[in-house]
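The first residue in the sequence is number 1, and the count goes up from there.
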Amino acid sequence: MYSRQFFEAPEQLVKNGKAHFGTFDEVSPKIDIRGMRAPYAGIPLPSIISNLRIKSRLEYVFSLNDFIGLSHFYDFKVIGLGEIIFFNKETGKKYVYHTIMAPRRRFVPVLTTRGICACYRKPRFIKISWGRQHKHHALTFKVKGDNARPDAEGYIYSSIQDDMHTDALFVCPSPASSRCSATWFSCMKTFGHIAINGETAPDTEGLGMMLLNRAYYKFHSKSSTVYGIGNVKGKDIVFYLKTSNMDAADADAYNCNVLVTDGKKTALPPVYMTHPFGIDKNWIIQDTESMVDLTFTPLSVNSRTLNIIALRTNYYTMYGTFEGVLLNSDGEKIILKNFPGLLHKGMLRL
């Protein structure tokens, strides 16, 4: 059976022009990948130029009693993009709120010990914060609606006493060893609420995961990502699977796929995602090691295309359910049926 060990996280991700590639338990103090030697075509460009190709993405995925959703921030250096999207689990109704942020020195922090990434615009207040020392992660938002959507506000936070809390760090060649992609994965139990149009909503228990990725991006990048988050026979299950055109050449040794069962994590093999009947129809997600065999059925789909000067992004965010089997490191089969989750398919040209 496929196995990939978790090692102790390095103090620095890049040292003397080379990255510490691997799969790590816990996380380094900083997600900082600057300093790679000649990351583009072997040409020794000044670091101020090559560092401009480093882009960041911060994601917070949550599942509460009635809602499942995703908030993310893109850091493109010159501008930032933010979004909060959530779906009603029963009806599939979607609520989507976007924002564009003016230039600033850094949108997504590099510190993992604690940090805040936020848009403070009054109609689009969205904030993701964390403090690892106290196992604290939180998403706060208050967004104003319009003719197409209602006002909404929410607060989702993780408990300090959390036996589900798990951190992992994946540092992968992207796709070769001259570039790298670093992903901090953290999952946790959550408490919180989402209120529509000022209605009173009590706090309920749920699950969440936060991901911070920093990578040397290509001029044209594509990716497909799935987030599974729910409960099976009394066990809390969270999994994250991703495939992109920046994956490592040796994807068996280096990838960021992971499964967490009641706080215990399993590194998963690379997967293939196909949608033979169309993007909004069934997706097939499989590996070659018989650890992942899933079907994702979209129930609600949101798409967006954005063009800003040289920046073009097109992506789909889908809420749906998983059917199939996952295998953890103990060889235990986890059978999923009507298991809630999200799928994000994106294209970026920059």
Pairs in or reaching into residues 311-328: which pass salt bridge (charged side-chain N to carboxylate O under 4.0 Å, His left out), with residues at least two apart or in two chains? none

Identified salt bridge (charged side-chain N to carboxylate O under 4.0 Å, His left out) partner of K264 from the options D25, D330, D163: D330

Yes or no on side-chain hydrogen bond (donor to acceptor under 3.5 Å, both in side chains) for N213 and S181, after CA distance, side-chain angles and deciding distance? CA-CA 7 Å; N213 172 263; S181 172; 3.0 Å; yes

Are Y74 and H72, when compared by the centres of their aromatic rings, separated by less than 6.0 Å? yes

Step by step, work out the side-chain hydrogen bond (donor to acceptor under 3.5 Å, both in side chains) result for H344 and T317. CA-CA 5 Å; H344 182 91; T317 305; 3.3 Å; yes

If you draw the axis of the six-membered ring of F6, does the NZ or CZ of K265 fall within 45° of it and under 6.0 Å from the ring centre? yes

Should Y240 and W283 be regarded as members of a common hydrophobic cluster, given that ILVMFWY residues are connected when their side-chain heavy atoms come within less than 4.5 Å of each other, either directly or indirectly? no

Residue from I229, L207, I68, I194 passing side chain to side chain contact (heavy atoms under 4.5 Å, CB included) with F62: I194

Between CG of D236 and NZ of K189, what distance do you get to the nearest 0.5 Å? 5.0 Å

Using side-chain contact (heavy atoms from CB on, under 4.5 Å), reason through L348 and L311 one step at a time and then give a plain yes or no. CA-CA 8 Å; L348 173 67; L311 168 66; 3.3 Å; yes

Considering only residues two or more places apart or on different chains, which pairs with a residue in residues 143-154 satisfy salt bridge (charged side-chain N to carboxylate O under 4.0 Å, His left out)? D146-R149

Check for me, please, whether W130 and F24 land in the same ILVMFWY cluster - side-chain distances under 4.5 Å, paths through other members count. yes

hydrophobic_cluster_shared for M291 and I237, side chain cutoff 4.5 Å: yes

For the atom pair NZ (K218) and OH (Y40), what is the distance rounded to the nearest 0.5 Å? 10.0 Å

Pairs flagged by salt bridge (charged side-chain N to carboxylate O under 4.0 Å, His left out) wherever residues 267-280 is involved - sequence neighbours left out: none

Qualifying residue, where the test is ring pair (Phe, Tyr, Trp, His ring centres under 6.0 Å) with F67 and the options are Y319, F87, F86: F86

Evaluation steps, side-chain hydrogen bond (donor to acceptor under 3.5 Å, both in side chains), between D162 and S159: CA-CA 6 Å; D162 182 8; S159 168; over 6 Å; no

If hydrophobic clusters are built from ILVMFWY residues whose side chains come within less than 4.5 Å, do F296 and F239 share one? yes

Side-chain touch V271/M273, heavy atoms, less than 4.5 angstrom: yes

